[in-house]
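Reviewing the structure listed below.
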Amino acid sequence: MAPSPTGLLHVGNARTAMYNYLLARKTGGAYVLRIEDTARDRSQPEFERAMLAEFRWLGIDWDEGPEIGGDYAPYRQSERIDLHREWLERLKATGRVYRCFCTPEELAEERKRAQAEGRPPKYSGKCREIAESEVEGRLNAGEAAAYRFRVEPRKVGFKDLVLGDLEEDAGLWGDFVVGRSDGTPVYNFAVVVDDHTMEITDVVRGADHISNTFKQTVMYEALEILPPRFAHLPLMLNQKRQKLSKRDGSVSVAEYREQGYLPEAVRNFIAFLGWNPGDERELFSLDELIEEFSLDRVSSANPIFDIEKLDWFNGVYIRNMSVASLASAAKPYVREAGIDVAKNGDPYFEQALALEQERVKKLSDFGDALRFFFVEQVDPDMKFLVKKKGTPEETADALTQVVGLVAEHDVDDVERSEGYLRGLAEELGWKAGELFMPIRVAITGSRATPPLFETLKVLGKERVVKRLQRAIELLSVV
RNA sequence: GGCGCAUUCGUCUAGUGGCCCAGGACAUCGCCCUCUCAAGGCGAAGACCGCGGGUUCGAAUCCCGCAUGCGCCGCCA
């Protein structure tokens, strides 16, 4: 994989990296990470660091790359410029490149005019036939000149492992730049040099690179070297059905991590955006994905990123976790929500967590879900604290009796609590739910909570009594 | 504007000439379970397979055209 560090890692790139990774692990090949940082103005080391961290979080590791090195170092494109220059010399030797003196301004102007007149914005070839002597003269006079590749009009094709045979007419291109006037290589040329010199066998990248691949194909031929295998992945689209962009805000992997999506869920979800095993299974571990993945089952249509399905995957993975590992995963998020996790000890936290485990979709949901377990007092909504179709007075009376029972029998045995509380409801002539709801609201402040008796047990007699008494007071003021 | 790629339920998709008047999953709705909320179980609704022509005894599947969407057309990657 070869990301360019010009922003945060977004889910589209993450999927591409995943497929690369799966393919490498499945075939037993070496997985190479190369940083494409030839965009000097936009590439930033912070982005590189962040991206690598994000890959690791997803469980994607690599065999060769910056930091860890490898036989084909260096692994940053910007550090391979000498090699690119060397290969540019080779290209020059084939007579396929020439100097172009057009300034960026002139070219932009040309393009604008072409667009306005409805012509394809293609380089005119203006500098193509400048005589060798004139080239030298202008160069000596200090004029800047780029290197352009002389394109011969003909059909260019390659076999794509996902899309099949692809073909394009090179006659439509115009000569393209391979070396900038400042001496640095252009990405599309650097890639050819790097892929070849690093002995890359398989290139899996986004479909937005298809037209680059045609041009690379021509360069490979000119240099008389063999291209790698290519596979282009249909572009992941946002809800508006546009290509996912780094400028697109809510698509960075970091954001999902921060919201409490689990790496295994994100992985599983992303893998299924454009790939499936051919049967109806959907839950796949990394190892299973490696085992089953193949490029020929990658679909050729553009998938749309649908957060609801991710939510479902995440919920499934949260439910499947052991309480202990869920606890360590969730703690930072709960703390982030302003809750003093350590306050009542780990066992308390884990018991509370276990009650909410099947009720959340994201780790960040635990903050709100667990809050009532940790606050000093809850603020019950009077509307629901009062018995349905009942009065504050009778509710207060009932809760007073509940306090008595709790004080006498404790709440440490779920079945016993249920027994005596059901008994009370019967005595009162109430339906069980009519009694349980006021209790629930009194002790949690909410109508949607884990099962009542287990909640009572975790909270403990003392808290329960205190909260009930406060609710009774609130009811008496009404 | 040119070129390329794509087009099956709202979304992800199965489907490679007869098993498909199209299967699964998410979401939605209903029922069950039930002390609430979830989870779970069961069920419903939801796709004239983008449109139009062919080929064939037979097409979602093959061919052609059109439409739409996306991508690329940079001394960005």
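Values reported hereafter were calculated over all heavy atoms of this structure, with side chains retained and with hydrogens, waters and symmetry mates removed. Every chain is numbered from 1 and lettered A, B, ... according to where its sequence line falls, protein lines coming before strand lines. This structure is a prediction, so every number in the text was calculated from the model and none was measured.
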Taking the same atom, [atom1], in [N] and in [M], what whole-Å distance lies between them?
| N | M | atom1 | value |
| --- | --- | --- | --- |
| B:rG52 | B:rA60 | P | 13 Å |
| B:rA39 | B:rC20 | P | 32 Å |
| B:rC62 | B:rG15 | P | 13 Å |

In whole Å, I'd like the distance from the [atom1] atom of [X] to the [atom2] atom of [N].
| X | N | atom1 | atom2 | value |
| --- | --- | --- | --- | --- |
| A:Leu310 | B:rA27 | CG | P | 12 Å |
| A:Lys126 | B:rC75 | NZ | C1' | 14 Å |
| A:Lys383 | B:rU36 | NZ | P | 19 Å |
| A:Met236 | B:rG69 | CE | C1' | 17 Å |
| A:Tyr317 | B:rA39 | OH | C1' | 18 Å |
| A:Phe149 | B:rC75 | CZ | P | 16 Å |
| A:Phe313 | B:rA39 | CZ | P | 16 Å |

For the side chain of [X], counting heavy atoms from C-beta on, which of [options] is nearest?
| X | options | answer |
| --- | --- | --- |
| A:Ala448 | B:rC37, B:rA39, B:rC75 | B:rC37 |
| A:Lys361 | B:rC75, B:rA39, B:rC35 | B:rA39 |
| A:Glu280 | B:rC35, B:rG23, B:rA14 | B:rG23 |

Counting only side-chain nitrogens and oxygens, does [X] get under 4.0 Å of the OP1 or OP2 atom of [N]?
| X | N | answer |
| --- | --- | --- |
| A:Arg180 | B:rC76 | yes |
| A:Ser181 | B:rC75 | no |
| A:Arg113 | B:rG1 | no |
| A:Arg319 | B:rG40 | yes |
| A:Arg205 | B:rG71 | no |

Report summary line: Counting primed atoms, P, OP1 and OP2 as sugar-phosphate and everything else as base, the B/S/- map of nucleotides 46-52 of chain B against protein heavy atoms under 4.0 Å is -------
**Report entry** No-H, no-angle donor-acceptor pair, A:Arg447 side chain to B:rC37 base, under 3.5 Å
**Finding:** no
Query raised in the report: Is A:Lys309 side chain donor-acceptor paired with the B:rA25 base, going by distance under 3.5 Å alone?
Result: yes
Query raised in the report: Taking the six-membered ring for Trp, are A:Phe55 and A:Trp62 parallel (under 30°), tilted (30 to 60°) or perpendicular (over 60°)?
Result: perpendicular
Query raised in the report: What class does the angle between the rings of A:Phe230 and A:Phe158 fall in, given that below 30° is parallel, 30 to 60° is tilted and above 60° is perpendicular?
Result: perpendicular
Report task. By nearest nucleotide on RNA chain B, pick out whichever of A:Leu237 and A:Leu452 is the more 5' one. Result -> A:Leu452
**Report entry** Distance, nearest 0.5 Å, that separates CZ of A:Arg148 from SG of A:Cys102
**Finding:** 6.5 Å
Report task. Find out whether the Lys NZ or Arg CZ of A:Lys361 is both under 6.0 angstrom from the six-membered ring centre of A:Trp312 and within 45° of the ring's axis. Result -> no
Query raised in the report: Is the shortest distance from a Lys or Arg side-chain nitrogen in A:Asp311 or A:Lys362 to a carboxylate oxygen in the other one below 4.0 Å?
Result: no
Requested in this report: Measure the distance between the ring centre of A:His209 and the centre of the six-membered base ring of B:rA77, then answer whether it is under 5.5 Å with planes under 30°.
Outcome: yes
Report summary line: Within residues 152-171 of chain A, those residues having any heavy atom closer than 4.0 Å to RNA chain B are A:Leu166, A:Glu167, A:Glu168
Query raised in the report: Given the side-chain rings of A:Phe214 and A:Phe176, with only the six-membered ring counted for Trp, is the space between their centroids under 6.0 Å?
Result: no
